Structures are given as structure tokens and as C-alpha cells.
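Note that the structure is predicted; figures quoted are calculated from it, not measured. Order of listing sets the numbers, starting from 1, for every ligand and every atom in it.
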Amino acid sequence: MFSHVEPYAGDPILGLMDKHKQDPRADKVNLGVGVYFDNDGKLPVLNCVQKAEAQIANPPKPRPYLPMDGLPGYRAACQNLLFGKDAQVLKDKRVATTATIGGSGALKVGADFIHAWFPQAKCYVSDPTWANHIGIFEGSGFAVGKYPYYDAATNGIKFDELIAFLNTLQAHDVVLLHPCCHNPTGVDLTQAQWDQVLEVVKAKNLLAFMDIAYQGFGEDMDADVYAIRKAVDMGLLFFVSNSFSKNLSLYGERVGGLSVVCKDEAQAKAVQGQLQFNIRRIYSSPPSHGGHVVDIVMNDDALFNEWVQEVYVMRDRIKDMRQKLRDSLEAKLPGRSFEYITKQNGMFSYTGLTPEQVARIIKDFGIYMVANGRISVAGLNASNIDYVANAMAEVLKD
Ligand code: PMP
């Protein structure tokens, strides 16, 4: 029956986690997976989440199915965070929003929707991007191409090439953008560059799909959504997928959202209905526990404020680790600049390590990172930073 089924090579990033787990070395380090660990190397359970969970647990509550598009308070929370609580676009009820199974689920529901209603559209992702962007859009039937983005020579962005490339695209082509904390490079567009990119998106009638999985980890909750709010100001109609996996440290609860900015309320209602239809046919309704946690934390002023501060603690620890790694590498390899490490934003840093250097750092030091040289800076802490800096200097020195 299943003799024709081909083996699955495994996901490169999740596979790294398994290899790290199996490595018997005591000083091994996991910089592979995009997960925030605290200074003790532990996955935090945020205080605001603990308080919300206490409310959920006491008294025990029945678990009915949630609505297909999630709890109303959850949907409002996504909208307020992304567009701003008092945004006119929300007052005008122009945004269709659904809860989704993580940010991945938002990408999938959005990609299915776009492929159904814009069957000719192609999808373009940054070169490089989070590998699953390609997987999810291809899985929804898209031909996926790449737009120029990261410039290894400068550790910056190939901005002129990016603009020139976007100008060659067809109306309704999907451009997948990272509003902040670009995964995997950590290199973000400036606000002035966003303005230019969005001008081309508007002029060419492209369909922007903004995927934000790290709101609050870059500059702050508002600056990190500059591109989203600017696109609204410019009158664009577009998609936003968001994830609470990292900023609520709720990875396994699968909490995300998909929002679509529409022309008017009637359009938003139609889109909302089609999103519900898609969801009904895939998984029917989203998970309840995480949904309630998000609803409670985001809609209680005290818990919300506590949450924002807890995100900023994570953000600042990552920034501190970036500074320490940079200082340490510059001390060990005099004459070389590692400024790019502190200029990058969010969890990830493209270190510039070649696949051979990555293979060596894994084999000789038990420091696990993605073959493209991406490290999750949130895997660094006071106990392992010297070890990692030494190892990086060792493989970089030849
Ligand atoms: N988009 C990007 C850019 C991501 O980095 C991630 C998580 N690695 C996701 C989406 C998916 O988020 P989630 O884990 O909530 O599915």
C-alpha cells in the first residue's frame, strides 16, 4: 500500500534540535531554533501568562469549540497591536481578522485564500527568508520566486536591486515582507526604505503579505509595525500574519492571527466569511487554551502593560548578548569589525559563517546553528557566551 511513499529528509531546523538533544557534550549550545531562552537557558513562562492561566484554571471551565475565527477579544487584540488601538481603519471596520494556528497557520490560511481568489498570482519572498515561507506558499499551489534582499558583502540590503526587481512584477503578485526582525538575517529595512518599497507595491498594484512573528523584539511594539501602519496610511489593501509564539513565549499553544485590510466594511465581511470557510475545511476552529490566554492578557490593562515590559526584558537581553558577542569577537580578532551583530534586530544574526565553518563549529564545539550561518542570539547567555565567542573566533580566524 505505501511502498511508493518517499522518505522525508526532515526539516533542517527541527532536525538540528534533535541532533543537539542527542549530543552528549556538557558544553553543547543550541543556537539553531528560533526560540527565546532566558539567561538560565530556560524557556520562560511569562508572569502575565501565569496570571491568565490561574484565571482560566480557577474555577475549572468547560471547553466548547471556539468560533472558526477565534474569540472576539483575541481578534481585537491582534488588530489593536498591529494597527493601533484608535486606528481609523479599525473604526471603519475595514480589517478582517481571524485567529490561526500560530503564525504558520496564518500564512497557510492566507496563502490558500490568495491562491483561490488570485490564481494567476506568483509569490515572491526575500532572498533569503524563513524556509517555511517557501514551503507553505508552494504547498498552497504558488510558484515562489525570490526578490533580492541580503547583501553579504555589506551585511546590508541590496536595496536598489530590490526596488528594481519589485518594479518587474505583475499586478496582484504577492510580496512576502518581514515588518521587523527579519528571519534569518536580522537585517531590516529603514523607515525611509519601507516608504519606497510600499510606493512600488502601490504603483504596481502588488499584494503585500506582511509576516510579523517578533513584534516587540526589534525597537518597540509600535516602531516594529511601522510598515503595517504606513501601508494603511497609503491606502493599500494587504495581508498581515502575526504570531504570539515568541512574544508571549507560547510556542506550543499555536497562537497566531491573520488580518486582511480591505476597502470597506462590506468587503471585510466577505473576506472574513471566506477565511472562515477555509478554516472550516482545514481544521474547523483554533485551539482554546492559548486563545483564552491571549484574550485575557491583551484585554486587561494591567496584564497588558506587564506583558509589554516582559517582552522588553527579552528584547534587551538579546541586545546585551549581541553587544557582548561583538565586543568579544572584536577583541579576539583585532582589525575585524563585527558591528553588524549589533546593527541587526530581533532574535537572529546572520554570522557570515560558511557552511564549512558551521559544520566545524558543530563537530568540534557542539554549537548548533543553521547551515546558512544563522544563529539565534536568544540561545546565548552569561554561561555560554565566552565559549561561543571563542569557538566562532577559532573557525573564523583561518
Ligand atoms: N514567520 C516567521 C518569520 C517566523 O520566524 C516564524 C517562526 N519561526 C513564523 C512565521 C511561524 O510562527 P509560529 O511558530 O507561530 O507558527
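In summary, the atoms of ligand 1 found under 4.0 Å from a heavy atom of G102, numbered by their order in the structure, are 15 (O), 16 (O). Within ligand 1, counting atoms from 1 as listed, the ones closer than 4.0 Å to a heavy atom of S243 are 12 (O), 13 (P), 15 (O). Taking every non-hydrogen atom of G103 and a distance limit under 4.0 Å, the qualifying atoms of ligand 1 come out as 12 (O), 13 (P), 15 (O), 16 (O).
Formation of a donor-acceptor pair under 3.5 Å by the Y8 side chain with backbone atoms of D11 is found in this model.
Between W307 and F304, the angle of the ring planes lies from 30° to 60°, which puts this pair in the tilted group.
Among protein heavy atoms, atom 15 (O) of ligand 1 sits closest to S245 OG, 2.5 Å.
When heavy-atom distances to ligand 1 are checked against a 4.0 Å cut-off, S104 comes that close through both its backbone and its side chain. Residue contacts with ligand 1, taken as heavy atom pairs separated by less than 4.0 Å, do not involve F244 at all.
Distances from atom 3 (C) of ligand 1 to the heavy atoms of D211, I101, T129 show the closest one on D211. Comparing K246, M347, R254 by heavy-atom distance to atom 8 (N) of ligand 1, the nearest is K246.
Sorted by first and then second residue, the pairs that involve residues 73-90 and meet side chain to side chain donor-acceptor pair (under 3.5 Å), not counting sequence neighbours, are Q79-T97, Q88-D92.
Not less than 6.0 angstrom separates the ring centroid of F137 from the ring centroid of H115. No close placement of the Y350 and Y340 rings is indicated, their centers lying 6.0 Å or farther apart. Here Y214 and F348 bring their ring centres to under 6.0 angstrom of each other.
Checking Q344 against H182 by side-chain atom types alone, no donor-acceptor pair falls below 3.5 Å.
Residue F348 has no N or O atom closer than 3.5 Å to an N or O atom of ligand 1.
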